[in-house]
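These notes concern the structure reproduced below.
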Amino acid sequence: MLTARCLTPSGLDELAAALSQLTSGGRLLAGGTDLVRAMVHDRWEPDVLVDLSGVAGLAGVRRHWRRLHVGAMTTFAVLERDELVRRYLPSLARAAGGVGAVQTRNLATIGGNVANASPCADSVPVLLALDATAEVMGADGELRERAIEQVVVGDGQNGLGRDEAIIGFWLPLPGPDRRDAFVKVGPRTTVAVARLSIAAAVESSGGVIGDARVALGAVGDTAFRAAEIEQMLRGRPADAETAAAFAEACAAAVRRSIPGRPSLPYKERLAAGVAADIWHALGFGS
């Protein structure tokens, strides 16, 4: 039986007041796909529970000038189908469509996925590659933007204060020359937890790569931007030689990330294969 004190704010002002009442044993409830499982299987119970489902304005996607705002309570089912996301951020739509089963996507939220900070979270490498920022609110009611790297800081660890909650995410709209892609590999074709994932957002004009942002997930304690890969890609032609160099650079990033782990030989080869899939998904061919 749930004996935690449950707070059900309906707006941001009430949410700020609820956040001020959170204790070290308190938790925020978004979609509940991870929290409820922990409570049931681990027989763990928070002393204060803040239910975000009734807070107005935390779900949905809207355009504001040159950015898209994705509410923290937006489910992956909505993200997968949203016209703005599919048009401007296809890698985010693809990642959303691969999260768990249909039932999970109907409940799981992007804010919860990020705050949970799993190394294999599908949304995190995509948000990194798309240059997203998290919109965070504290008990003072002030809204602040933070880099994703400041929010996801370790395996199951986020950088949020005890009295802070993710309100949403801001993502810049792409320019005409940008293309983005996301590929993950799991132990099966559906309902798969990522064994390795790569997200990339690349600008290309006249067959030459300009800016590039590449992030890897499920390899190490948290998803990360791969600066060495990005630097290698910039200014190179989008040809077969660069495709091969990209695959090797992704394998090298894995070697740097998990040296000595038993899974290294497998993930090293896997990274090269996923890189080839990303290259094709970006529309560069081979």
Side-chain angles (χ1 to χ4, degrees), residues 26-42 44 46 52 70 72-80 91-130 132-134 136 146-162 164-166 168-169 182-199 214-226 253-254 257-258 261-264 266-267 270-271 274:
R27 290 294 186 273
L28 302 175
L29 174 62
T33 55
D34 290 306
L35 178 61
V36 173
R37 182 175 58 209
M39 292 171 66
V40 171
H41 292 287
D42 300 337
W44 170 83
L52 301 177
V70 177
M73 288 294 290
T74 307
T75 67
F76 286 110
V78 170
L79 283 175
E80 180 185 9
S91 59
L92 181 58
R94 180 175 176 83
V99 174
V102 173
Q103 298 93 325
T104 300
R105 294 195 292 276
N106 285 335
L107 290 174
T109 66
I110 187 170
N113 194 242
V114 171
N116 194 50
S118 168
C120 55
D122 291 336
S123 67
V124 178
V126 176
L127 292 173
L128 289 170
L130 295 178
T133 55
V136 176
R146 292 188 190 167
I148 300 300
E149 295 93 334
Q150 295 176 324
V151 176
V152 181
V153 297
D155 184 352
Q157 299 178 338
N158 64 56
L160 299 173
R162 186 174 67 189
E164 291 183 319
I166 299 174
F169 301 91
F182 171 77
V183 175
K184 80 169 181 177
V185 173
R188 50 187 180 268
T189 56
T190 60
V191 197
V193 175
R195 293 285 177 83
L196 188 141
S197 62
I198 299 178
V214 179
L216 279 70
V219 54
D221 291 337
T222 184
F224 61 91
R225 287 267 308 280
V254 170
S257 181
I258 53 172
R261 288 197 186 179
S263 61
L264 175 57
Y266 163 69
K267 290 201 172 186
L270 186 61
V274 174

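- Closest approach of Ala199 and Phe182 over heavy atoms only: CB-CD1, 4.0 Å.
- The CG atom of Asp122 sits 11.0 Å away from the CG atom of Leu127 when rounded to the nearest 0.5 Å.
- Distance alone, capped at 3.5 Å, places no donor-acceptor pair between the Arg195 side chain and the Ala218 backbone.
- Of all non-hydrogen atoms in Gly217 and Ala223, the two that sit nearest each other are CA-CB, 4.0 Å.
- With rounding to the nearest 0.5 angstrom, the OG1 atom of Thr109 is 8.0 Å from the CG atom of Leu52.
- Judged purely by atom type and a 3.5 angstrom limit, Lys184 uses its side chain to pair as donor or acceptor with the backbone of Gly98.
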Would Leu160 and Arg146 satisfy side-chain contact (heavy atoms from CB on, under 4.5 Å), going step by step from the backbone distance to the final call?
CA-CA 10 Å; Leu160 299 173; Arg146 292 188 190 167; 4.2 Å; yes

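- Counting heavy atoms from C-beta on, the side chains of Val219 and Phe224 come closer than 4.5 Å.
- With rounding to the nearest 0.5 angstrom, the CD atom of Glu164 is 9.0 Å from the CG atom of Asn158.
- In terms of heavy-atom proximity, Val126 sits nearest to Ala95 at CG2-CB, 3.7 Å.
- From Thr104, atom OG1 reaches atom CG of Asn113 across 11.0 Å, with rounding to the nearest 0.5 Å.
- In this structure, Val254 and Leu196 have side chains that are in contact, with non-hydrogen atoms separated by less than 4.5 Å.
- Heavy-atom minimum distance, Gly159 versus Val153: N-CG2, 3.9 Å.
- Considering every non-hydrogen atom in both Ser123 and Val114, the closest pair reads OG-CG2, 3.6 Å.
- Surrounding CZ of Arg94 are at most 12 heavy atoms belonging to other residues, nucleotides or ligands under 6.0 Å away.
- Contacts of Ala72 classified as side-chain contact (heavy atoms from CB on, under 4.5 Å), with partners at least two apart in sequence or in another chain: Ile166.
- Distance alone, capped at 3.5 Å, is enough to place a donor-acceptor pair between the Arg105 side chain and the Val99 backbone.
- For the atom pair CG (Leu216) and OG (Ser257), the distance works out to 8.0 Å, reported to the nearest 0.5 Å.
- Nearest heavy-atom pair across Ala194 and Cys120 is O-CB, 3.6 Å.
- One distance of note links OG of Ser91 with CD1 of Ile198; it measures 13.0 Å at 0.5 Å rounding.
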